[in-house]
> 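The structure's right below; bear with me while I get my questions together.
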Amino acid sequence: MRIFKQWILAIALYVALILDGVLSVYLQPILKYGNGKASLMLLPLAVLIINFEDERNPKEFWLALGAGLVADLYFYGIIGIYIVVLPALSAFGRWYARVSPELFVVRLIGTFLASCGASLYIWLVFRILTWTNQSFQAALPSVLYTGLWSVGITILTYWIWSKLARSYPFLIDLDNYRY
Amino acid sequence: MKKFFQNRKMLSALATVAVVAALLGSTVTLRNNLNAPLFVQRLGNDLVSVGSRIVSAPVAWLSDGINSIDDLLNAASENDHLKKKVSELAQVEARNAVLEKENKQLKAAAGIKKTLTSYTTTTASVISRSSDSWSEQLTINKGKNAGFKKGMAVMSGGGVIGRLTEVDTATSKVELITTTDSSANRFAVQAVSSSGKTLHGIISVQSGGVLTFTQASSSSKLAKGTKVYTSGLGGVSPKGLLIGTVSETTKDSFGLSDLIKITPAGNLSDPSVVTVVQRSVS
């Protein structure tokens, strides 16, 4: 049970990865807006919120790296997209939590900036791989739309990830601190 | 320069970029060249897909429930439309049966067993979709176990929507026909012009995911509404799968050749069930 508690966060990220893919199938019509289309970022936002709340645990970085590897292979069959995005969000989340005031609105601004940055990186990689031929100007509405969707998802899911990160930090046995 | 090499942060950043570039390059090459993914990747994908199947079942149930309300609201107009179609269907079926019989007899007389139009189909459910804004990839719940092979055509909603790009043991990845990936295989297609001549070409994608009939074998014009089918000449897809209908013919940006735009016949926006087509002639 003690070991299971240490891995709860990893299991929750696995569920977020699955939900990301499954909900992307069914939410297609509402993810599109004009020429833009939002990315559903449940998994990246989960990693970001976890690191907002548990910014002192460096093991979260390795969890993000592992989750990135699995997500890359599952969604694309190549390595180099989520394996960069998730650890980068993990590092950004920890840095942002240290330098910014602990206000929910400030965290939402951080979420908007981070999701737009992640979306831009994904566009850049696809552009280099020629998986998309959209220009920067054409991609920009999708990036901004993703940012807005991410703010909404953060509002809905913040408390879950916050509770999980505080109660079950990755590979840390909190029972050692209880007596 | 000496200062640069002493800056550990800068060196780490450079090393990270180099590693990511190498990983991307090598895995993209592997993805394009391997007929089946590596064992570790297959295992990982199949493990995640187990979770996807469990989660997608209640989500699909909920989605179907919402859609059925919409269906109920449209039932009356749909019923009128279908009644007209049903009255025409009996004649089409009868004619189809006669032609099929005649086709079989002619093939037997000519000693032909299988042609480019012979194929078998397998139905699969979409369990996942890439969540980003730009790539067009689906994951379906059948793979090598169902006899799937890389490159097979995938249909949904009455038309071709893409092809298999990766086949794992119990799942497969589908790249939609609207992908702009320049390394993706293109469908070889054909259409009959208003003068009765058959034009051959391939399907390309313009910006915004617009399908076009390019590299046409003749300068004959294709009228609006002309149906475009696979020609079977690409080596993987059978002949006669509907791609879409001609919506507009304009000149390309150089004004030199025709740009034939096609409205896809398949359900590209929201496919939840797909049909994988395996051609009989290898």
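Chain A is the first sequence line, chain B the second, and so forth, proteins listed ahead of strands; every chain is numbered from 1.
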> Do you know which of A/Asp72, A/Leu73, A/Leu23 has the most heavy-atom pairs under 4.5 Å to chain B?
A/Leu73

> To the closest 0.5 Å, what do you measure between CG (A/Asp20) and OG (B/Ser52)?
10.5 Å

> Supply the atom-to-atom distance B/Arg31 CZ to A/Leu129 CG, rounded to the nearest 0.5 angstrom.
9.0 Å

> For B/Asp70, look at atom CG and say whether over 12 heavy atoms of other residues, nucleotides or ligands are found less than 6.0 Å away.
yes

> Of all the residues in residues 76-100 of chain A, which have a heavy atom that comes within less than 4.5 Å of a heavy atom in chain B?
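Listed by number, the contacting residues are A/Tyr76, A/Gly77, A/Ile78, A/Ile79, A/Gly80, A/Tyr82, A/Val84.
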
> Tabulate, in ascending numerical order, the residues of residues 144-168 of chain B having at least one heavy atom closer than 4.5 Å to a heavy atom of chain A, or enter 'none'.
B/Glu166

> Looking at A/Tyr121, I want to see if its OH is surrounded by more than 12 non-hydrogen atoms of other residues, nucleotides or ligands under 6.0 Å.
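Result for OH/A/Tyr121: enclosed.
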
> Under 4.5 Å, counting heavy-atom pairs only, tell me which of A/Val15, A/Thr132, A/Leu31, A/Ile128 racks up the most with chain B.
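Greatest number of close heavy-atom pairs with chain B: A/Thr132.
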
> When heavy-atom pairs shorter than 4.5 Å are enumerated against chain A, which of B/Ala60, B/Pro271, B/Gly44 gives the highest number?
B/Ala60

> What part of B/Ser130 gets within 4.5 angstrom of chain A, counting heavy atoms only: side chain, backbone, both, or neither?
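Interface part for B/Ser130: both.
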
> Using a 4.5 Å cut-off on heavy atoms from C-beta on, say whether the side chain of A/Trp123 contacts that of B/Trp134.
yes

> Among A/Val22, A/Val25, A/Leu27, whose side-chain contact (heavy atoms from CB on, under 4.5 Å) with B/Val59 holds?
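By the side-chain contact (heavy atoms from CB on, under 4.5 Å) criterion, B/Val59 pairs with just one of A/Val22, A/Val25, A/Leu27: A/Val22.
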
> Please check if any side-chain donor atom of A/Ser39 sits under 3.5 Å from a side-chain acceptor atom of B/Ser133, or the reverse.
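The answer is yes; a qualifying pair exists.
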
> If you count heavy atoms of other groups shown closer than 6.0 angstrom to CZ of A/Phe104, is the number above 12?
yes

> Quick check on A/Leu69 against chain B: is it the side chain, the backbone, both or neither that has a heavy atom closer than 4.5 Å?
neither

> A quick test of your reading: do over 12 heavy atoms of other residues, nucleotides or ligands sit less than 6.0 Å from CG of B/Leu73?
yes

> Measuring heavy-atom distances to chain B, does A/Leu17 have an atom under 4.5 Å in its side chain, in its backbone, in both, or in neither?
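Only the side chain of A/Leu17 comes within 4.5 Å of chain B.
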
> Please give me the minimum heavy-atom distance between A/Ile18 and B/Gly51, naming the atom from each residue.
CD1-CA, 3.5 Å

> Between B/Ser269, B/Ala21, B/Ser135, who has the most heavy-atom pairs with chain A when the cutoff is under 4.5 Å?
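Answer, by heavy-atom pair count under 4.5 Å with chain A: B/Ser135.
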
> If you count heavy-atom pairs under 4.5 Å with chain A, which of B/Val205, B/Ile127, B/Val126, B/Thr16 comes out on top?
B/Ile127

> Does any backbone or side-chain atom of B/Ile54 lie under 4.5 Å from a heavy atom of chain A? Answer side chain, backbone, both or neither.
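Neither part.
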
> Please look at A/Tyr74 and chain B and tell me whether the side chain, the backbone, both or neither of the residue comes under 4.5 angstrom of a heavy atom of that chain.
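Both backbone and side chain of A/Tyr74 come within 4.5 Å of chain B.
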
> Work out which heavy atom in B/Ser56 is nearest to a heavy atom in A/Tyr26; give both atom names and the distance.
O-OH, 4.2 Å

> Non-hydrogen atoms of chain B under 4.5 Å away: do they reach the side chain of A/Ser135, the backbone, both or neither?
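No part of it gets close to chain B.
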
> Does the side chain of A/Phe75 reach to within under 4.5 Å of the side chain of B/Asp132, using non-hydrogen atoms?
no

> Please state whether the side chain, the backbone, both or neither of A/Ala139 comes within less than 4.5 Å of a heavy atom of chain B.
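Its backbone and side chain both get close to chain B.
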
> Given a strict heavy-atom distance threshold of 4.5 Å, which part of B/Ala22 is in contact with chain A: side chain, backbone, both, or neither?
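For B/Ala22, no heavy atom lies under 4.5 Å from chain A.
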
